[in-house]
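Protein chains get the first letters and strands the later ones, always in sequence-line order, with residue 1 at the start of each. Remember, predicted model here, so these are calculated numbers, not experimental data.
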There are 2 protein chains.
Amino acid sequence: MRNPTLHDVARAAGVSYSTADRVLNGRGGVAMKSIQRVRQAIDDLGYRRDITAANLSRRRSYRFAAYVPPGDHGFFSAIRRAFQDQAEARAGQRISVDLRDGLDGPPADCDCAVLAGAGQDRIDALIAGDVPVVALVTDMPGLRAYIGIDNLAAGRTAGRLHRIAHRGRQARVLPVMGSAGLRDHRDRLAGMAEILGAESLLPPIEVQDNPDRMRDLLGHALRADPGITGIYSIGAGNRGLIPLMRDMGENRPFVVLHELTPHSRAGLLDDLIDVVIDQKPAEEVACALEVMKAIADGETPGSVTITPAIFFKENLPGVSA
Amino acid sequence: MRNPTLHDVARAAGVSYSTADRVLNGRGGVAMKSIQRVRQAIDDLGYRRDITAANLSRRRSYRFAAYVPPGDHGFFSAIRRAFQDQAEARAGQRISVDLRDGLDGPPADCDCAVLAGAGQDRIDALIAGDVPVVALVTDMPGLRAYIGIDNLAAGRTAGRLHRIAHRGRQARVLPVMGSAGLRDHRDRLAGMAEILGAESLLPPIEVQDNPDRMRDLLGHALRADPGITGIYSIGAGNRGLIPLMRDMGENRPFVVLHELTPHSRAGLLDDLIDVVIDQKPAEEVACALEVMKAIADGETPGSVTITPAIFFKENLPGVSA
DNA sequence: AAGAAAATGATTGACGTCTTTCATTTGCCG
DNA sequence: CGGCAAATGAAAGACGTCAATCATTTTCTT
């Protein structure tokens, strides 16, 4: 009934505990035929190492470092909070997370580090150390894994939503980027272009994720072209978009934007925007920690693609979620 | 640096390990002032019981029973598979899941049971025992918790999607239920009615989650009323819907249905249906196990509401997910 | 103040794995 | 066959908690 222990394996293989241990943990100095007998016994009994006992014995604790851009930038503050929550929730699992904002020099004193949505600039310094680093939110070459959404697919999804909303009518969708320099944003735009086609997609404007610039530039664009029937806000700064929609009233374009924040949530509830594509920061962070744990355990996990959530007014999660 | 142990707590409180243990585990026979000093020390040191060590010591293993309707009913076979996968994945966490199909008599020999989408009939027998039971997929009164989606919200979301797809035009949406006797289905229909209004919502037809009946009854309804512009398939049996849409070609109605299955996936990819609302069986099962674990640990977790995923052709997860 | 009851301390052996140390056996080589 | 290296076995002490036992001290009763 009880799960077999390594002692059971040793007995079944007809070797001593020591030898079974040497095989299991690859300590070497074991004859080939013993290795095979132990392996066989492990298979036969369906033995699985009791990780909790193992970690207890090793008094292993996972020490992670998380680099998250500073500021209460809406989205990244959600990421930051998610790290704090997760660190709290996993304290019993011997996982500790050290939140850092500056990224001066390679991470030290930790088993694995995670870098959330930073630019490419200082990455080299991070990789330089012998601490493995994974990417969160924004994929970056040279890191051990990427945890985040497929931005191309997100853009396609936004395109599909606009197509559905324009059934039969000619769409004229204005993409609003944070910056064309960001790969995430370019990917989303490219995804939308795949679905909508050039004739429906206007040239993008760039607002640097800034609400004020959003208000100014988008407001200007809307006045300049009254034929705009849709908006795809690719980055942040949506706080500046909401009042513009309020001013337009019934004739506002169909709006799809990213990230569920208090502002976008209110926008949905007030019928000022139509769809929010959310990358579920809490889930991303949880996945990131799993991946980091696996890396720290010596496994080589692949990247994890989060399927973004699509929110309308009607399926907003409660405040607790 | 190291996390404090109960020994540290005892030392800080100026009592013996035994007393600290008696306080921590509520064994009684401790003077009030000792209790307070231990509590204080726990707070001061930020002590948290090392659950892995505790479980190791108790040689606790969680034994769960899962009642899933038999048959390869598409959705429930996914649930079944998810239980198997999770059981496999959590074998190292001392969690074992016993999959049962019939529900004869109360569950025995387990710490908690989960009942997936069964009718109300035999529940009383299940509750009769002293094993706590939680509900999966279908909420049922009298059980300890419900893990599943908010069906009302799902119906509203489907309604919203139809509204978006009908912008400007009058919608005539035909709801296709499995059975009006199922609470889940009634809730979904009610949710859609909230959004669409009576003039856009046709009287529902019932196909008993059966592909053949779906084909017959829905085919008949579509021929009888060529003005149908939308379909909301609330239950299962969508395999019978796909060929009907293929026959209608370009003029097919806008289709929203539930559950991502091989058939509905193919339907999306072939542009024969438009939206799939999925309740993410794997995630539901994982949540259910977490809840059951918490219950077995003596906590009293609340119900968990899963936010369903919305899939278009463009954001289908890869086969691996 | 004696005796009973309550509270506390001290100790021990699990749980399953890790890790190290030391002794013993086996195989191989010349 | 002696000698040396490789392979194996045996044992023990962690890791932090649980759970039980027994001895001792404190507190309360009458």
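Think of the region where chain B sits on DNA chain D: with heavy atoms and a 4.0 Å cut, that region ends 5' and 3' at D:dG16 to D:dA19.
The backbone N or O of A:R63 sits less than 3.5 Å from a side-chain atom of A:D111, completing a donor-acceptor pair.
Taking every heavy atom of both residues into account, A:R37 and A:G14 meet most closely at NH2-O, 3.7 Å. Nearest approach of A:D8 to A:N3, heavy atoms of both residues: OD2-O, 4.3 Å. Closest approach of A:P281 to A:A82, counting heavy atoms only: O-CB, 4.3 Å.
Rounded to the nearest 0.5 angstrom, A:E290 CD and A:I295 CD1 are separated by 12.0 Å. Taking CZ from B:R22 and OG from B:S16, the interatomic distance works out to 6.0 Å, rounded to the nearest 0.5 Å. The structure places OG1 of A:T307 at 7.5 Å from CG of B:N315, a figure rounded to the nearest 0.5 Å. A:L316 CG to A:R265 CZ: the interatomic distance, rounded to the nearest 0.5 Å, is 5.0 Å. Atom CG in B:L6 sits 10.5 Å away from atom OG1 in B:T19 (nearest 0.5 Å). How far CD1 of A:I306 is from CG of A:D150: 11.5 Å, rounded to the nearest 0.5 Å.
B:L6 comes within contact range of the sugar-phosphate backbone alone, with a heavy-atom separation under 4.0 Å but no base atom that close. A:T5 comes within 4.0 angstrom of sugar-phosphate atoms only, judged by non-hydrogen atoms across all strands, and of no base.
Less than 4.0 Å separates DNA chain D from at least one heavy atom of each of the following residues of residues 21-36 of chain A: A:R22, A:G29, A:V30, A:A31, A:S34.
Between B:Y17 atom OH and C:dT11 atom C1' there is a gap of 12 Å when expressed in whole angstrom units. Atom P of nucleotide C:dC18 and atom CG of B:L56 are separated by 12 Å, given to the nearest angstrom. C:dT11 atom P lies 11 Å from atom NE2 of B:H7, rounded to whole Å.
Between A:A54 and B:G14, it is B:G14 whose nearest contact on DNA chain C lies nearer the 5' terminus. In this structure, A:P4 and A:S18 both approach DNA chain C, and ranking their closest nucleotides by distance from the 5' end singles out A:P4. Taking for each of A:T19 and B:R58 the nucleotide of DNA chain D with the nearest heavy atom, the 5'-most of the two is the partner of A:T19.
Side-chain contact annotation: B:D184 with B:T138, donor-acceptor N/O pair under 3.5 Å present.
In the helix from C:dA1-D:dT30 to C:dG30-D:dC1, the end axes, each obtained as the rotation axis mapping the C1' atoms of four pairs onto the next four within a five-pair block, lie 30° apart to the nearest 10 degrees.
Looking at B:S16, its side chain has no donor and acceptor atom pair within 3.5 Å of the base of C:dA10.
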